[in-house]
Every structure is written in C-alpha cells, then in structure tokens.
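Here is the structure we will look at.
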Number of protein chains: 2
Amino acid sequence: MRSVDTDDLTTRARIRDAAIARFGRDGFRAGLRAVATDAGVSPALVIHHFGSKDGLRAECDAYVLRSIRDQKAEAMTRWSPLQVIGAIDDAEQYATVFGYVVRAILEGGAVAATFVEGMVADAESYLEEAVASGTVRPSVDPAGRARYLIATSVGMLLVAQLEAEAGRGVSPTVDPAGALREIWRTVLLPGLELMTFGLLTSSDLLDEYRAATDGHATAPP
Amino acid sequence: MRSVDTDDLTTRARIRDAAIARFGRDGFRAGLRAVATDAGVSPALVIHHFGSKDGLRAECDAYVLRSIRDQKAEAMTRWSPLQVIGAIDDAEQYATVFGYVVRAILEGGAVAATFVEGMVADAESYLEEAVASGTVRPSVDPAGRARYLIATSVGMLLVAQLEAEAGRGVSPTVDPAGALREIWRTVLLPGLELMTFGLLTSSDLLDEYRAATDGHATAPP
DNA sequence: CGCGCGGCTGAACGCGCGTTTAGAGTGGTG
DNA sequence: CACCACTCTAAACGCGCGTTCAGCCGCGCG
C-alpha cells in the first residue's frame, strides 16, 4: 500500500505503480506510452515485463485486490461505526488505489465484480452482527438489504466521480479522494437521517407491494 | 420516442437513431464505421451530415434529452407512486433511449450532468409535495435528501448495468431494460423496507454526528 | 579474461480510427 | 438542354495505438 517515492522499487513494481496511478486517473484508455513515461522507462520495457497491456492490467488488478483485502481485514477488526464515518479523512492515503477501484468499476472488469461482491458479503455479515446486537433493525431479506445498501453506496460514489469530472474538462484529472470527501460531506446527514427514520410515514406502500406479490403481512417495526 | 423501422425517416434521422442505439449498446468508443454500417450508409456521409463524431454525439445528446423531457412531463402528471413502481415493465419501450442515458452517465458528459440534475430537481419538488401531504417525513436538509436519493438510485442502476456486463464477455451487448428489471426485482423489497422503517433502531448515530458538527438537536420522528 | 544473459532502448510495423478529398448519381430550375 | 445544388460513396491520409525487432549495455560466472 505504501506508494513509496519510486526509487528503491524494482523497475517492474515502479511500472505497476505508475500504471495504477495513471489508469486510476485517466481510465484504461490511457496509453501504454503514458504509463511508460510516468515510470521513466520505454514502452517496449512495459511489454517486456508484462507481455501485453492486458497483462499489465491483470497485474494491477491483482495487486489492488490484494491491497484491499489486507486493508479491509485490518479495518474490520479495528473500527467502530463512528470511526468508519470519520475514516474518510484518511482517504488521501489510499487515493491511488481508491481511484483505480473507482475506474475499474466504472469501466467494468474483473476487479469491479470481485470488489463489489466482497463488499456485499462483508456488509451482510456485518449487518447480521448489528441486528444481533440490536443496533440495526432485522429485515425480511437480509441478503437483499446488504446488496441494496452496497449497490446504492457504490453507485453514489460513481455518480459523485462522474459529476466531479463533468465539472472539469473532457480529460478528467479529478482527485478521487477529494471527490469522495466532497460527496460524503453533502450526503452524510441526509443518509443518516434516512437510515434512522426512514423516508415514509406509513408502511402502506410496503404493505401494498407485499400484498401484491405474496401473502405475508408486514412485520411491525 | 418511436424508433420506427427506419425506412420512412430522413437519412440524417436514420443515422442519428442508429448512433443512439449503437452508442447505447457499445459505448462511445464504438466506431463511426459501425454506426454507418448500422444505418446502411458510408462513413463519409456521417461526417457530411454531422461535421464530426462529436457533432453526431451532440445531436444524439440533444435528441435524447428532448425525448426524456417530453416523456417525463407526461409521467409526472399521470402517474401515482405505485404506478411508478410498476412502470419499469414498460422499460422495453424506451430501451434504446434508456441505454443511451446509462452509457452517457457511465462515460460522463453533458447529458449525464443535465439528466442527473433534472432528476434531483424533480425529486426535490416531488418530495416537498409528499411531505406536505404527509406521506413522507420532513427532513432537516430536503435538498440534500433529494440529491442523496437520486444519487443512490442512479448509482444502483450503474452498478446493475456493470454487473450485468461483467457476467458477459468483454463486449457487453447487454439489454439495459432487462438489467434494470432484474435489479429492480431483487432490490425493491429491501428498498421499500428501508424507506419505511429505516435501518437503525435508535437515533444515537445521528445524534452523535450532529452533536459533533453543530449544536442542533435531533428533531423527533 | 571472455561470454552469455537479462534489463533495457530506438525504431519500426500493422492496424483501426476520425477525417478529407474528388467525384459520381440525381432531381429541380433557368 | 445546360447548370446547379444536393446526397452520397470509394479511396486515401495522418495519427496514435499496442506490439515487435534487433541490438546495446553491464554484471556475474566459468
């Protein structure tokens, strides 16, 4: 995770880091020559080490996923909910990896699916704990709820990134961590409010829907 | 909105429709030659009519935005909330335009921002009405809540599209309406549940957060 | 020492892109 | 008829991409 100042690293690793940064910033449409220049090497050397551009991307994917896995393991054991809320301030630390993930999700691919699925699974187990401990309401469809929460959260992230890009020119060069913190700031309060009180004043809509789909009654809150 | 079977249309319009369909399916990386072939004309003619690929895209953007505006005006006056919930079944009808919008949001650009801002504005006024009529809880930050709801909804859509693509090969060719209906089906119940009851059992988190940011007290539900 | 081998480069190749150019076909107008 | 405006095409151009190729350096080993 430490994206050291390049000098003591293998050339291979330097190229990989440069690629992660460049791909995260400009997307995978970024040229091999740009990556090579960033890393201070010739385009041919990139191919020499990784076989092809796809090979390079695969290595970036793997590295990023590994970084995330390590980071997540630590976070899951160390943090409280409120710490998580505040943790976004540390986002700069993970800015390049974070940017890469956002881009990977935006442009589709292996990391995207793996990442999202991992998040869903984590959310599910975490919610289960929270329900058991009484801080979170039970659900008729815990798995669906976990997926819903993750899909909306990740999606909100994408929208934030896209709006930040739309504000600038055609070529993005948007700081992902900054965009994240920005959206977080504008959205945290409404989000918390919604999570606390819900949106609707009655369960009529829910009842109607459930009546229309099957015969169950709404569990009381 | 009627994407008629191509024959009685101006060649210009035929190219435009082909471009909307092709861009919606494959993204804007799709080649001019592909669009030309779809429309049954030569690549040069596309340039002749629209000046450049960007010109073509601009025309597509404008046309799609106009379609949406018309469609939305009608929907806003005609539909009830429950009808809106069920309206997704009609999605196939607007499949090409819908696909184009999803792609436009995914790849960033003018339509994306306009579309999302329009949705936010609509949501805000709609929520205001609903609050007045007592079906929706008031919020300390109505504008923020509207933005939150739209960002999460749109974002969920993007995630759905991306996951659908990840399931297929590299070249997507995913039916956007189908992907939408799929995600809708798996997500509607958890969503409604969340909107009705909220997620948390107490307002502690919200209180803590608000205490940490300013001095206001939490409004009782 | 000599020799090979891996890291590394500059130059080139082929390809597909958006775009340009020159001109053919066609229909309306003096 | 001659002329023109307009739609439309085939062919080519230039560019940037990913990739290949032939060869240069420097270090460790027999």
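No experiment lies behind these values; they were computed from the predicted model shown. Proteins come first, then strands; the chains are lettered A, B, ... in the order of their sequence lines, and each starts at number 1.
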Legend entry - Per B:A44 side chain, nearest of listed nucleotides D:dT19, D:dT7, D:dA10: D:dA10

Inset, instruction - Name the closest nucleotide to the A:L45 side chain, picking from C:dT19, C:dC8, D:dG18. - result: C:dC8

Inset, instruction - Measure across A:P190 and B:Y148 and return the closest heavy-atom pair with its distance rounded to 0.1 Å. - result: CB-CB, 4.1 Å

Inset, instruction - Describe, in one word, how the ring planes of B:Y100 and B:F28 are oriented to each other, choosing from parallel (under 30°), tilted (30 to 60°) and perpendicular (over 60°). - result: perpendicular

Find the distance [X]:[atom1] to [N]:[atom2] and express it as a whole number of Å.
{"X": "B:I47", "N": "D:dC8", "atom1": "CD1", "atom2": "C1'", "value": "14 Å"}
{"X": "B:F23", "N": "C:dC17", "atom1": "CZ", "atom2": "P", "value": "12 Å"}
{"X": "A:H48", "N": "D:dG18", "atom1": "NE2", "atom2": "C1'", "value": "17 Å"}

Legend entry - B:L149 and A:L194, any side-chain heavy atoms less than 4.5 Å apart: yes

Legend entry - Terminal axes of the helix from C:dC1-D:dG30 to C:dG30-D:dC1 (five pairs each): angle between them, nearest 10 degrees: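 Between the first-five-pair axis and the last-five-pair axis there is 30°.
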
Legend entry - Presence of donor-acceptor pair under 3.5 Å, side chain of B:R33 and base of C:dG18: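 Flag set: donor-acceptor pair detected.
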
Legend entry - Ionic contact status for B:R147 with B:E117, cut-off 4.0 Å: yes

Legend entry - Aromatic B:Y63 / basic B:R16 pairing, under 6.0 angstrom, 45° off normal: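 Satisfied, under 6.0 Å and within 45°.
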
